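To find a chain, count down the sequence lines: A is the first, B the second, and so on, and within it residues start at 1. Just so you know, these numbers come straight off a predicted model, no measurement behind them. All values below come from the heavy atoms of this structure, side chains included, with hydrogens, waters and symmetry mates left out.
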Number of protein chains: 2
Amino acid sequence: MMTPTTGIDTARVDKFEARRRELADAALQTLSELGYARTSLREIAQNSPFSHGVLHYYFRDKVELITYCVRRYKAVCVRRYDEIVAEATTAEELSAGFAEAIVTTLVADATMHRLWYDLRSQALFEESFRADVLEIDNTLQRMIWRVVSRYAELVGTGPSTPAATTYVMFDGLFQRALLLHLSGAETAADELRTGVRHLLELVAPPDLNR
Amino acid sequence: MMTPTTGIDTARVDKFEARRRELADAALQTLSELGYARTSLREIAQNSPFSHGVLHYYFRDKVELITYCVRRYKAVCVRRYDEIVAEATTAEELSAGFAEAIVTTLVADATMHRLWYDLRSQALFEESFRADVLEIDNTLQRMIWRVVSRYAELVGTGPSTPAATTYVMFDGLFQRALLLHLSGAETAADELRTGVRHLLELVAPPDLNR
DNA sequence: AACGATTTTGGACGACTGTCGAGTTCTTCT
DNA sequence: AGAAGAACTCGACAGTCGTCCAAAATCGTT
């Protein structure tokens, strides 16, 4: 017979999880500011209402904290991109809306995006990060695929490129734009906008026989 | 009147530079193994015939060493890609040779490539890395552009995409393949090969009116 | 109000970091 | 051979790191 889940137990678990999230958010804040290599547990704690000791009360060690952060980042990420997927009725509308949304997040959430690329690079070295990174990549890939598929549909054709390839092309475009933007290039946003629109046309070419 | 450059002076400078290169190569070895975040000066020295103190004899501080390493990496990189640029006489030959060369370096030089992506991510946080990273990126972009231009020429058309966009698409493709390869996916190499060939066709579509 | 459990604090620990400099070894030239 | 300078070693330094833990504070229940 299983132990029934009492109300008090779930309340405790909820509170525990809430605090974990709170600490993870403070950690994400610090990580996006300093980067993985320069972020310490004490620095994270200073950007939170707690002392540094509490981190080991809610997380076994640093790896578990960072892993939890990466997973949490994904939630933020998906939400962000879900907002991007517009309910456009024409190809032109979708293309313009999508490009605009990407450019907006490039500028508004630059530090969070650079953290993502930092952690993805860490996954090249630390095996413990790989599973989560690959999962986030796949999630983003599906997002992009939905946009491109819909665009191709509106244009009256099918995507000319596999989902995986399509995603990495958009990702490469964004990554480069992020570096330029953080380097102070005012042209970064504009280049990204035209790049995205060009790429959309490329992977979903207008059906000439329509 | 300028001070004439004596033979002995240049010999000393040469020796000094030679040792700097030697130390930088040891550092690159260690960096590619451990990643930026986990590499210390002592660890670098242990992967060299010298003690850790010597690093401050040849480099002012850690930043100068790493910067020198990045610049040196570029030299290796360019050499590598220069080998890739084949003297193909047909589009098919060039496409096959280029794809094959990329797949080969993906497997053979995986740790060096992951170091590059690590350092490029660091440039998102540390301003001191940006100039060198951007320069290397531009160099790689020109390499890719040469291949794509030549391919388009052989196909009898012009590239359909600007140089910057073309580069980041190939780069995104490679970056993803590297993560998959290091994660143990045997399919990574094959996917990269087909991805590269597909992308070549995409950015330099065969001229149907020829 | 008082008790036990949970949560939080902050100091201590050993290990490691980048940096520095005094001393030793090796080169080079007269 | 011996002096002068360059090249190198290695211990010391002041910090910082992740981790742990005993004590204090807070909370929920009676």
Of the candidate nucleotides C/dG18, D/dT9, D/dT19, which contains the atom at the shortest distance from the side chain of B/Ser51?
D/dT9
State, with a plain yes or no, whether a side-chain heavy atom of A/Arg142 is found less than 4.5 Å away from one of A/Thr139.
yes
Separation of C/dG18 P from B/Glu64 CD (nearest whole Å)
15 Å
Could you tell me how far apart B/Leu55 (CG) and D/dC10 (P) are, to the nearest whole angstrom?
14 Å
Comparing A/Pro49 with B/Val54, nearest DNA chain C nucleotide closer to 5' gives the residue A/Pro49
Row check, B/Tyr68 ring normal vs B/Lys62 NZ/CZ: under 6.0 Å, within 45°:
no
Using side-chain contact (heavy atoms from CB on, under 4.5 Å) as the criterion, point out the one residue from B/Met112, B/Arg114, B/Arg120 that pairs with B/Trp116.
B/Arg120
Whole-Å distance between C/dA22 P and B/Tyr57 OH?
16 Å
At 4.0 Å (heavy atoms only), tell me whether B/Phe59 reaches a base, stays on the sugar-phosphate, or touches nothing.
nothing
Does the pair B/Glu100/B/Arg197 count as a salt bridge with the N-to-O cut at 4.0 Å?
no
Are B/His52 and the base of D/dC10 stacked, counting only ring centres nearer than 5.5 Å and planes tilted under 30°?
yes
Could you give the CZ-to-P distance, from A/Phe16 to C/dA5, as a whole number of Å?
18 Å
Once rounded to the nearest 0.5 Å, what's the spacing between atom CG of A/Asp109 and atom OG1 of A/Thr104?
9.5 Å
Contact under 4.0 Å: A/His56 side-chain N or O vs D/dT19 OP1/OP2
yes
For B/Gln46 and C/dT17, give me the distance from atom CD to atom P, rounded to whole Å.
9 Å
How close or far is atom P of C/dT17 from atom CG of B/Asp61, stated in whole angstroms?
17 Å
For nucleotides 14-17 of chain D, give me every protein contact, N/O to N/O, under 3.5 Å, one pair per line with atom names.
residue : atom : partner : partner atom : Å
D/dC17  : OP1  : A/Ser40 : OG           : 3.1

Interatomic spacing from NE2 in B/His52 to CG in B/Leu55 - rounded to 0.5 Å:
8.5 Å
If I take atom CG in residue A/Asp14 and atom P in nucleotide C/dT6, what distance separates them, rounded to the nearest angstrom?
16 Å
Nearest to the side chain of A/Phe50, which nucleotide is it out of C/dT8, D/dC20, D/dT9?
C/dT8
Which residue in the set B/Val103, B/Ile102, B/Val147 passes side-chain contact (heavy atoms from CB on, under 4.5 Å) when paired with B/Val196?
B/Ile102
